[in-house]
Number of protein chains: 2
Amino acid sequence: MASTSPIRVAEVLRDEILNGALVPGERLRQEDIAARLGASRQPVRDALRLLEGDGLVTLVANSGAWVSKLSERECDEAYLVRERLEPLLLSQSLPNLNSEQVARLAELVGEIESSGDIETFLRLDREFHLLCYAGAQPGMLSEFVERIWNTTQHYRRAFAKLSDPATSEITHMEHHLILDAITRRDSVQAERALEGHIRRTRVTLAEHKELFS
Amino acid sequence: MASTSPIRVAEVLRDEILNGALVPGERLRQEDIAARLGASRQPVRDALRLLEGDGLVTLVANSGAWVSKLSERECDEAYLVRERLEPLLLSQSLPNLNSEQVARLAELVGEIESSGDIETFLRLDREFHLLCYAGAQPGMLSEFVERIWNTTQHYRRAFAKLSDPATSEITHMEHHLILDAITRRDSVQAERALEGHIRRTRVTLAEHKELFS
DNA sequence: ATTGCGGTAATTGGATACATTGTTTATCCT
DNA sequence: AGGATAAACAATGTATCCAATTACCGCAAT
């Protein structure tokens with residue numbers, strides 16, 4: 001079954017939002033997108049509604065569409081929610097993670113540590129965290145978590161750009177601790193390590209108000 | 001600023017889904033809705049996308065739209081997420097709840113206890129819980145919570161229909177305990193009482209697999 | 001120089017017609 | 001009678017056009 005135009009258009013726009021080609025606050029004109037992606041305006045409108053549902057686009061009736069921005073408060077809230085939901089998702093995933101997945105997680109921890117540029121770090125970091133959750137059944141919980149990852153992507157990129165080496169070192173240690181608990185199948189410890197990692201990131205992020213100008 | 005057709009159509013459909021006029025699994029034909037609500041098909045499609053974003057409608061490309069169903073597992077997951085998120089939301093709300101709101105909560109606890117029919121109970125119960133959160137800033141967290149309340153509405157109705165008096169008595173006591181902690185502005189206790197209430201509901205719900213036939 | 005108002009242009013909203021896809025029904029063959 | 005295939009039908013997807021709304025620009029008044 002081929003996917004319909006709105007879904008394809010939404011995927012292109014979502015990728016562009018996540019990779020930084022489209023930035024928060026940027027205007028999205030239906031006609032521009034339609035011309036660029038070779039569709040008519042109707043499917044583009046449909047696609048924008050899909051992305052609105054994902055929190056990535058803000059539609060204003062009779063005015064237009066914009067890539068969504070997050071205020072500092074909203075970003076802090078996103079991290080508070082992550083602290084609550086991701087350990088739960090990890091606990092659901094852990095019993096079902098197979099040995100290949102755990103081996104890949106170990107590789108990722110190493111690769112993240114030696115990653116040289118921001119984009120590689122972001123990609124690997126995302127892969128690590130989402131792979132931790134891969135053993136869980138798809139559903140509302142994983143949708144919420146993915147939604148938060150997507151809506152905070154821009155701010156994680158900006159944050160990574162100004163992180164100092166000491167903070168990066170802490171991040172790497174935290175990843176090791178999460179991995180260790182996963183490897184030992186210690187769900188309680190894995191949840192605690194993950195919650196602490198997210199909380200420490202939130203607190204560190206709160207020291208950089210200039211990200212939200 | 002008058003709201004546009006898709007938003008109005010979505011509101012009507014959302015109300016019908018929440019009040020039980022439309023039930024999970026029911027087919028939603030674009031032409032039927034368009035004729036019934038006096039719009040053309042385009043705004044109806046838009047509205048269905050909006051409701052899809054809310055989790056209330058399931059769209060299948062080239063096939064159609066249905067009121068979403070929840071499996072037993074999904075419903076359990078929704079309650080697990082509630083256990084994590086609603087105490088957080090309550091903690092954000094509590095400092096800002098004013099005395100009128102707290103007085104209304106006290107009224108509601110009484111009204112819920114003396115409610116005679118299922119629909120009144122559902123309405124008041126919902127009002128109680130959402131009013132507990134009214135002091136929090138709108139954002140992702142409150143959107144997630146509202147989304148869960150809406151997607152589980154049908155199952156809460158079905159559950160309320162077969163609840164025995166002993167379970168109802170426990171529910172009323174739990175409401176009292178939540179109210180007491182709120183009245184005293186004891187955030188830690190309020191969160192605990194709420195988490196326990198939700199968890200006990202989840203566990204009780206899990207004993208009724210027939211709800212998910 | 002600033003503010004307010006009116007008109008116009010740009011863009012979005014919605015209706016309608018045609019295209020496409022999936023399901024159902026009818027027909028043919030074994 | 002049962003299965004396979006083709007045609008018809010129903011519903012969704014998309015293109016196009018007209019309607020409606022908002023934002024912007026220019027001009028006049030203070």
Side-chain angles (χ1 to χ4, degrees), chain A residues 1-17 21-69 71 138 143 151 213, chain B residues 1-17 21-69 138 143 151:
Chain A
M1 186 188 74
S3 65
T4 57
S5 278
I7 288 162
R8 276 187 275 108
V9 170
E11 274 169 5
V12 170
L13 292 177
R14 185 183 293 111
D15 283 350
E16 290 182 351
I17 291 169
L22 290 173
V23 299
E26 189 160 349
R27 180 75 195 275
L28 302 169
R29 283 186 67 250
Q30 295 174 9
E31 286 276 13
D32 285 350
I33 296 162
R36 177 152 73 89
L37 301 186
S40 71
R41 247 189 340 108
Q42 270 321 131
V44 171
R45 294 167 62 173
D46 229 6
L48 291 174
R49 282 279 186 223
L50 278 169
L51 293 170
E52 181 188 35
D54 289 346
L56 290 175
V57 164
T58 301
L59 294 191
V60 179
N62 290 308
S63 300
W66 287 264
V67 179
S68 297
K69 296 164 93 165
S71 68
E143 277 166 34
T151 55
S213 58
Chain B
M1 188 190 71
S3 64
T4 56
S5 275
I7 287 163
R8 276 186 274 109
V9 170
E11 275 169 5
V12 171
L13 292 178
R14 185 182 294 110
D15 283 349
E16 290 183 350
I17 291 168
L22 291 173
V23 298
E26 189 159 348
R27 181 75 194 276
L28 302 169
R29 282 185 69 249
Q30 295 175 12
E31 287 276 13
D32 285 349
I33 294 163
R36 177 152 73 92
L37 301 185
S40 70
R41 252 197 324 114
Q42 268 323 130
V44 170
R45 294 170 61 88
D46 231 6
L48 292 174
R49 283 281 186 221
L50 277 169
L51 293 170
E52 182 188 32
D54 289 345
L56 291 174
V57 164
T58 301
L59 294 190
V60 180
N62 289 309
S63 300
W66 286 266
V67 179
S68 297
K69 294 164 95 165
E143 278 167 33
T151 54

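A note on names: the letters A, B, ... follow the listed sequences, proteins ahead of strands, and every chain is numbered from 1.
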(message) List the residues meeting salt bridge (charged side-chain N to carboxylate O under 4.0 Å, His left out) with A/E31, not counting sequence neighbours, and say none if there are none.
(response) A/R41
(message) In this structure, how many angstroms lie between the C1' atom of D/dA10 and the CD1 atom of B/I33, rounded?
(response) 16 Å
(request) Would you tell me if any nitrogen or oxygen in the side chain of A/T4 comes within less than 4.0 Å of OP1 or OP2 on D/dG13? (result) no
(message) Using five pairs at each end of the helix from C/dA1-D/dT30 to C/dT30-D/dA1 to define an axis, what is the angle between those two axes, to 10°?
(response) 10°
(message) If the condition is side chain to side chain donor-acceptor pair (under 3.5 Å), which residues does A/S40 pass it with, not counting sequence neighbours?
(response) none
(request) For DNA chain D, find the residues of residues 35-49 of chain B with a heavy-atom distance under 4.0 Å and give them by number; none if there aren't any. (result) B/R41, B/Q42, B/R45
(message) Is there a side-chain contact between A/T4 and A/D46 in this structure, where contact means two heavy atoms from C-beta onward sitting under 4.5 Å apart?
(response) no
(message) Is any side-chain heavy atom of A/L13 closer than 4.5 Å to one of A/L56?
(response) no
(request) Go along nucleotides 5-11 of chain C 5' to 3' and tag each nucleotide: B for a protein heavy atom under 4.0 Å from its base, S when only backbone or sugar atoms are that close, - otherwise. (result) ------S
(message) Test of understanding: with side chain to side chain contact (heavy atoms under 4.5 Å, CB included), list the residues that count as partners of B/S68, not counting sequence neighbours.
(response) B/T58
(request) Not counting sequence neighbours, which residues clear side chain to side chain donor-acceptor pair (under 3.5 Å) with A/R36? List them please. (result) A/E16
(request) List in chain and number order the residues that pass salt bridge (charged side-chain N to carboxylate O under 4.0 Å, His left out) with A/R29, two or more places apart in sequence or in another chain; answer none if no residue qualifies. (result) A/D32
(message) Just to verify, what does A/E143 make a salt bridge (charged side-chain N to carboxylate O under 4.0 Å, His left out) with, not counting sequence neighbours?
(response) B/R147
(message) Can you measure B/W66 atom CH2 to C/dG22 atom P for me and round it to whole angstrom units?
(response) 12 Å
(message) Using the side chain to side chain contact (heavy atoms under 4.5 Å, CB included) criterion, which residues pair with B/E52? Sequence neighbours excluded.
(response) A/L50, B/R49, B/L59
(message) According to salt bridge (charged side-chain N to carboxylate O under 4.0 Å, His left out), does anything in residues 56-68 of chain A pair up with another residue at least two apart or in another chain? List the pairs.
(response) none
